[in-house]
Structure formats: C-alpha cells, structure tokens
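Heads up, the thing below is written out as structure tokens.
Throughout, a chain's letter reflects where its sequence line sits, starting with A, and its residues are numbered from 1. Atom set for the values below is all heavy atoms of this structure, side chains included, hydrogens, waters and symmetry mates excluded.
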2 protein chains.
Amino acid sequence: MSQQRHGNTPGNAGAVPAFPDLPEATIARLPEYLRALHNLAEAGSDTISSEGLAAAAGVNSAKLRKDLSHLGSYGTRGVGYDVTLLIDQIEYILGLDQRRAVALVGVGNLGHALAGYDGFASRGFRIVALFDADLDQVGKAINGLIVRHVGELRRAVVDEGITIGVISTPPNAAQGVADDLVAAGVTSILNFAPCVLSVPAGVDVRKVDLAVELQILSFHEHRKASLTALPGGRVDQSGNQEAVGS
Amino acid sequence: MSQQRHGNTPGNAGAVPAFPDLPEATIARLPEYLRALHNLAEAGSDTISSEGLAAAAGVNSAKLRKDLSHLGSYGTRGVGYDVTLLIDQIEYILGLDQRRAVALVGVGNLGHALAGYDGFASRGFRIVALFDADLDQVGKAINGLIVRHVGELRRAVVDEGITIGVISTPPNAAQGVADDLVAAGVTSILNFAPCVLSVPAGVDVRKVDLAVELQILSFHEHRKASLTALPGGRVDQSGNQEAVGS
DNA sequence: AGGCGCTTGTGAAGGCGTGCACAAATCGCG
DNA sequence: CGCGATTTGTGCACGCCTTCACAAGCGCCT
Ligand SMILES: NC(=O)c1ccc[n+]([C@@H]2O[C@H](COP(=O)([O-])OP(=O)(O)OC[C@H]3O[C@@H](n4cnc5c(N)ncnc54)[C@H](O)[C@@H]3O)[C@@H](O)[C@H]2O)c1
Ligand SMILES: NC(=O)c1ccc[n+]([C@@H]2O[C@H](COP(=O)([O-])OP(=O)(O)OC[C@H]3O[C@@H](n4cnc5c(N)ncnc54)[C@H](O)[C@@H]3O)[C@@H](O)[C@H]2O)c1
C-alpha cells in the first residue's frame with residue numbers, strides 16, 4: 001500500500017522520461033499479467049506474490065519477475081506486488097490509461113462479431129467507427145454504431161482521434177483498406193485477413209490468422225500420432241499451455 | 001519424385017516414418033509459406049525462388065531456406081522450389097493430407113462467425129460439430145450444421161473422429177469445456193476465451209486473445225507517441241514487426 | 001565440354017529469451 | 001533488537017533463433 005517511491009506513475013503526466021526499452025517477448029506477456037491482476041483485484045487481493053501471479057498468468061515465476069523488473073521495482077521483498085499499483089503501472093506502459101479509439105473495417109461475418117463484442121471496452125478500447133464497402137451494410141446499426149461507407153474513413157479517423165484500425169475484409173481487399181487506413185493517419189493495424197500487408201515504416205501490423213493456429217495444432221496432432229508408443233512422455237507447448245498438477 | 005521420407009534421424013527404429021524434429025518457430029511459419037504457395041500455384045507458377053517465396057510470405061529469405069531445409073532438400077539450386085511438390089511436403093508435415101475434424105463449443109457472437117466461415121475448408125479443416133449449453137441455441141442450424149447440446153460432446157467426438165476442439169464460450173465456462181473436450185478424447189484445443197486453461201500433458205492448447213493483440217499495438221502507439229515521428233520507406237510485414245528507424 | 005550466372009543449403013556468429021540459483025531486502029515476532 | 005521466514009531482483013549460463021556469407025550444385029549458353 002504505502003510505497004516508497006515510484007518514478008513515473010500515470011498521475012505524473014508531465015515529461016515522459018526515456019521510454020523503457022522492453023523486450024518484445026515481455027510486452028506480449030504484459031496483457032496476460034494485466035488480465036490476471038484484474039481477476040485478483042476483483043477477488044479482493046491486495047497483494048500477490050510472483051509465484052501466485054505467475055500461476056494465474058500461466059508462466060514461470062522467474063520469467064514474470066524478470067518481466068516486471070523491466071518496468072521498475074514495484075514489488076516488496078517478503079511481501080509481493082501491490083495489485084492495484086501493478087495494474088496502474090502495466091496499463092500506463094501499455095498506453096491504456098487513455099481509452100484508445102478503434103476503427104473496424106469490413107462488417108461481415110467476423111466483423112459483425114467483433115463489433116458486437118463488449119469485452120474490448122473493459123480492456124482499454126472503444127470501437128468508435130464501423131466501415132464497409134457494401135452499400136447494403138452501410139446504414140445498419142450494430143451495437144449502437146452506424147456502419148459507414150469506407151469513403152468516410154479518412155474524415156472519421158481524424159475527427160475521432162482513431163489510431164488503431166482493424167481489418168476484417170476479404171484478403172483481396174485488405175491491402176487497399178490498409179493503404180486507406182494509413183493515409184488517414186492510423187499507425188497500428190490488426191489484420192484478420194490471411195494475407196501479407198505492406199505498410200510504411202512506423203506503422204505496426206499484427207496479424208491474426210485462425211487457420212494458421214489450427215494448422216499448428218494439426219502439426220502437433222500429426223506428431224503425436226506418429227509417436228503411438230507413449231511412455232509417459234511430456235509434451236511442450238508453444239504459446240500457452242499447462243500441464244495439470246494435482 | 002514421389003515423396004520420400006528423409007532418414008537422418010539417429011536411433012530411428014521401426015517402420016513408422018521418422019518425424020522430423022522441427023523448431024517451433026519454423027512450424028509457426030510453415031502455414032504462412034503454405035498460403036503463399038497456394039497463391040503462387042493459382043497464379044500459375046511452377047517454381048519459386050526462396051527470395052520470391054520469402055517476399056510473398058513476408059519473411060527473410062535466409063530464414064525461409066533454413067526452415068525448408070529442415071524438411072529436407074526439396075529445392076533445385078539455380079532454379080528454386082517446385083511449387084506443387086513443396087505444397088505437398090508442407091501439407092504432409094502439417095498433417096493436412098487428412099482433412100481434420102473440428103468441434104466448436106460455444107455458438108455465440110464469435111462462435112457463430114467461426115461456424116459460418118468457409119475459409120477453413122480450403123485450409124485443411126472441417127467443422128463437423130457445434131455445441132452450446134444454451135437450450136435456445138440447441139437445434140438451430142448454422143451453415144448446414146445443427147447445434148447440439150454439450151452433453152452429446154463425448155459421443156460426437158468419438159463417433160466423428162474429432163481431434164481438435166475450439167472454445168468460444170465465456171471465460172468462466174472455458175475450463176469446464178476444456179475438461180469435457182479432453183475427457184472425450186480431444187488432444188488439441190484452440191481457446192478464444194481470455195483465460196488460462198489447465199490441461200493434462202499431451203494436450204496442446206493455443207490461445208487467441210484479440211484484446212491482447214490490441215494491447216500490444218497500444219503499447220507501440222504509446223511508445224511511438226513518446227518519440228518524434230519520423231518518415232521512412234515501405235516495409236513488408238513479418239511476424240512481429242516494428243518499423244522505426246533513426 | 002566448359003564456363004557462367006543463378007540459387008540452394010549450411011556453417012558460424014551474434015542476439016535474444018529462459019530459467020536457475022542466490023544475495024539482498026523486508027516483515028513479523030519473540 | 002535481532003533473527004528467521006519469505007519473496008524480490010538479477011547475474012549467469014545455456015539453448016534457440018536469426019542473419020550473414022559463401023561454397024556447392026544446377027541449368028543454360030556458347
Ligand atoms: N469469419 C471467420 O470466422 C473468419 C475466420 C478466420 C479468418 N477470417 C477472415 O476475416 C476476413 C473477414 O471474414 P468474413 O467471414 O467476415 O467475410 P465476409 O465476406 O462475411 O465479410 C467481409 C466484409 O468486408 C466487406 N468489404 C469487402 N471489401 C471491402 C472494402 N474494400 N472495404 C470495406 N469493406 C469491404 C464486405 O462488404 C463484407 O461485409 C476474411 O479475410 C476472412 O478470411 C474470418
Ligand atoms: N465476440 C468477439 O468478437 C470476441 C472477441 C474476443 C474474444 N471473445 C471471447 O470469445 C468468447 C465468446 O465470445 P462471444 O462474444 O461469442 O460470447 P457470447 O456470450 O455471445 O457466446 C458465448 C456462447 O457460449 C455458450 N456457452 C456458455 N457456457 C457454455 C458451456 N458451458 N458450454 C457450452 N456453451 C456454453 C453460450 O450459450 C453462448 O452461446 C468469450 O470468451 C469472449 O471473451 C469474443
């Protein structure tokens with residue numbers, strides 16, 4: 001609770017010091033820690049040990065401590081980490097203290113599900129604009145938002161301070177949409193279309209390809225099937241997996 | 001030039017073809033290569049150089065060559081790779097020569113979109129069964145499939161040879177569903193619920209958390225905002241990219 | 001046949017990430 | 001006030017992954 005000193009809290013919105021140079025692998029895990037911390041906070045925990053938080057996030061405790069150490073020293077030896085303080089710190093680092101405005105392009109099968117998902121709001125994001133090229137879709141309301149035509153994209157991005165764009169169009173339209181988003185000023189793109197996007201330097205793209213995930217699982221199925229002799233072998237995972245203990 | 005097993009695995013005994021011991025990072029890229037190869041095949045290419053395929057897949061050419069070298073020598077120096085041969089090889093390694101049966105549990109907002117997606121079929125998968133706990137959903141037809149009650153899960157998994165399960169239920173139900181899937185005999189799970197799953201050894205779990213993807217993008221937004229904007233040329237996409245140069 | 005240009009396959013080097021193991025720090029208690 | 005229990009923060013070693021650079025191999029042209 002009462003803490004000694006912490007350099008740059010969200011409250012300290014003055015001069016941003018040198019941005020901590022976090023390893024990419026650490027950044028990818030921070031959201032998971034954050035989710036676990038929110039669960040703990042709801043459960044009423046004030047503090048949590050690295051061991052406990054690591055278990056909740058499904059990672060090694062040493063890895064977790066090293067990750068958090070990159071943010072600074074926010075733990076107390078012999079006690080653990082202050083849950084709310086850590087939440088604030090991670091949210092600050094992730095830039096979630098300001099709720100980010102997101103535009104979604106392609107309100108089809110998948111886009112519809114994304115637009116109707118209320119789970120983003122609690123994770124720091126607001127989908128503020130929906131776009132589609134299909135005039136039959138334009139004008140429809142989803143979750144209180146009106147689908148607009150892609151032609152209005154640029155103005156909306158500027159007017160509403162949108163920095164993140166989500167692409168859920170067919171792959172052959174994705175590059176064009178990406179170009180439009182970038183031209184409008186978007187500097188981060190989450191792409192659901194199974195294709196490679198080309199963007200200028202300074203623009204970040206992340207891709208989610210569900211078929212790829214299934215194919216990776218398929219590989220492991222194939223591998224497991226070719227090892228019919230099962231002598232109590234242990235199996236590793238790549239992203240997230242856990243072996244049951246007791 | 002029919003497919004041949006390459007036998008450089010030491011201590012290999014038995015008639016089962018030796019399964020190559022691929023690096024996990026390589027496995028994660030094979031699906032991307034496969035997609036690029038299918039595009040090339042449709043475009044009429046017979047052969048492709050590592051440089052060309054690398055560009056199509058958004059990776060470094062040296063990395064691609066090393067990845068493919070793990071499968072064996074399927075390229076021809078001075079020429080490149082035979083597109084169809086490579087497709088067959090990668091599909092074999094990924095276990096896609098048999099179309100895998102997939103069960104989807106949780107036919108809500110997201111599950112509905114997944115069930116209605118026809119893109120999985122062309123990537124080696126068949127969604128053969130849909131399940132939900134909500135009796136209002138049970139009995140409905142989606143894309144020609146009837147939604148069944150989760151109680152029928154075990155029998156369906158056995159009867160239809162399902163090895164992969166997709167979880168798109170709310171997070172608080174996900175662990176229970178995972179337990180049911182494992183009990184039924186599923187050995188691979190793709191989890192869309194934002195929570196950590198605990199499964200026995202030998203079961204693979206991959207997690208897709210869309211909010212995490214957005215949060216990672218948010219971090220980079222935050223980082224970019226704390227630096228000076230700088231111009232740059234075009235860059236192509238890769239797994240994890242950040243395109244900022246000085 | 002021989003040479004030349006092109007491309008693969010790979011050895012080697014460097015960087016990054018992971019996990020162990022332990023010193024340092026803090027708390028509670030007698 | 002000191003001591004033991006507990007937990008953080010981190011130095012270090014190791015293994016994986018990436019990238020470079022180049023020899024070996026292949027086809028084509030003369
Ligand atoms: N539905 C899924 O579960 C799923 C799963 C994995 C991947 N994907 C991928 O996600 C993307 C969307 O899938 P979907 O099933 O929603 O497809 P969809 O065809 O249902 O929807 C695509 C939408 O994009 C719109 N669109 C097309 N061109 C556009 C443009 N230039 N600008 C703006 N909007 C445009 C269309 O009007 C349509 O509404 C595809 O690339 C697909 O491969 C979908
Ligand atoms: N919709 C999205 O775009 C989106 C985005 C990111 C993450 N997610 C995650 O995906 C999951 C599903 O999201 P959603 O929006 O489709 O939710 P939803 O509430 O619309 O659908 C959940 C479905 O699961 C069913 N269900 C509940 N308990 C079940 C059980 N024990 N067994 C079988 N079925 C059960 C419900 O009846 C419902 O049909 C959630 O965990 C959500 O956090 C969704």
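For A:A211, the side-chain contact (heavy atoms from CB on, under 4.5 Å) test picks out A:D209, B:F120, B:R123, with sequence neighbours left out. Annotation: ring pair (Phe, Tyr, Trp, His ring centres under 6.0 Å) contacts of B:F219 (sequence neighbours excluded): A:F19. Shown here are the side-chain contact (heavy atoms from CB on, under 4.5 Å) partners of A:R99, two or more places apart in sequence or in another chain: A:A121, A:R126. Partners of B:E91 according to the side-chain contact (heavy atoms from CB on, under 4.5 Å) rule, which considers only residues two or more places apart in sequence or in another chain, are B:L34, B:H38, B:I87, B:L96. With sequence neighbours left out, A:R100 forms a salt bridge (Lys or Arg N to Asp or Glu O under 4.0 Å) with no residue at all. Take B:D82 and apply the side-chain contact (heavy atoms from CB on, under 4.5 Å) test, not counting sequence neighbours, and it matches B:T84, B:L85. Checked against salt bridge (Lys or Arg N to Asp or Glu O under 4.0 Å), B:R29 has the following partners two or more places apart in sequence or in another chain: B:D67.
Here the P atom of nucleotide D:dG9 and the CG atom of A:L53 are 12 Å apart, to the nearest Å. Residue A:D21 contributes atom CG, which lies 15 Å from atom P of C:dG15 at whole-angstrom precision. Taking atom CD of B:Q89 as the reference point, atom P of C:dG9 lies 12 Å away to the nearest angstrom. Here C:dC16 presents its P atom at 14 Å from CG of A:L22, a figure rounded to the nearest Å. Taking atom CG of B:D82 as the reference point, atom C1' of D:dG27 lies 16 Å away to the nearest angstrom. Rounding to whole angstrom units, OH of residue A:Y33 and C1' of D:dT8 are separated by 15 Å. Between the P atom of D:dT8 and the CG atom of A:L64 lies a distance of 9 Å, rounded to the nearest Å. Remark: P of D:dT10 and NE2 of A:H70 are 9 Å apart, rounded to the nearest angstrom.
Residues A:H222 and B:L94 form no side-chain contact, since every pair of their non-hydrogen atoms from C-beta on lies 4.5 Å or further apart. Side-chain contact between B:L114 and B:F192 is present, with at least one heavy-atom pair separated by less than 4.5 Å. Proximity of B:I164 to B:F125: side-chain heavy atoms (C-beta onward) are separated by under 4.5 Å at one or more points.
There is a side-chain donor-acceptor pair under 3.5 Å between B:E221 and A:T187.
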Atom pairs, N/O to N/O, protein against nucleotides 20-22 of chain C, distance under 3.5 Å?
residue: C:dA21; atom: N6; partner: A:R65; partner atom: NH2; Å: 3.3

At a cut-off of 3.5 Å, list every protein nitrogen or oxygen paired with a nitrogen or oxygen from nucleotides 28-30 of chain C, distance to 0.1 Å.
none

Within the sub-3.5 Å range, which N or O atoms of nucleotides 4-7 of chain D have a protein N or O partner, and how far apart are they?
residue: D:dT7; atom: O4'; partner: A:G78; partner atom: N; Å: 3.1

Mind listing the N/O atom pairs, protein and nucleotides 13-17 of chain D, below 3.5 Å?
none

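Five base pairs at each end of the helix from C:dA1-D:dT30 to C:dG30-D:dC1 define two local axes, and these are offset by 10° (rounded to 10°).
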Could you please spell out the steps behind the side chain to side chain contact (heavy atoms under 4.5 Å, CB included) verdict for A:L210 and B:V166? CA-CA 11 Å; A:L210 310 182; B:V166 176; over 6 Å; no
Report the C-alpha distance between A:I216 and B:D204 in whole Å, list the side-chain angles of each, state the deciding distance to 0.1 Å, and finish with yes or no for side chain to side chain contact (heavy atoms under 4.5 Å, CB included). CA-CA 10 Å; A:I216 294 173; B:D204 287 295; over 6 Å; no
Decide side chain to side chain contact (heavy atoms under 4.5 Å, CB included) for B:L197 and B:Q175; before the verdict, give the C-alpha distance in whole Å, the side-chain angles of both, and the deciding distance to 0.1 Å. CA-CA 6 Å; B:L197 292 185; B:Q175 182 62 58; 3.8 Å; yes
Please step through side chain to side chain contact (heavy atoms under 4.5 Å, CB included) for the pair A:L104 and A:I167, ending with a clear verdict. CA-CA 6 Å; A:L104 175 65; A:I167 299 179; over 6 Å; no
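The residue from B:T26, B:I90, B:L86 that alone fulfils the side-chain contact (heavy atoms from CB on, under 4.5 Å) condition with B:Y33 is B:I90.
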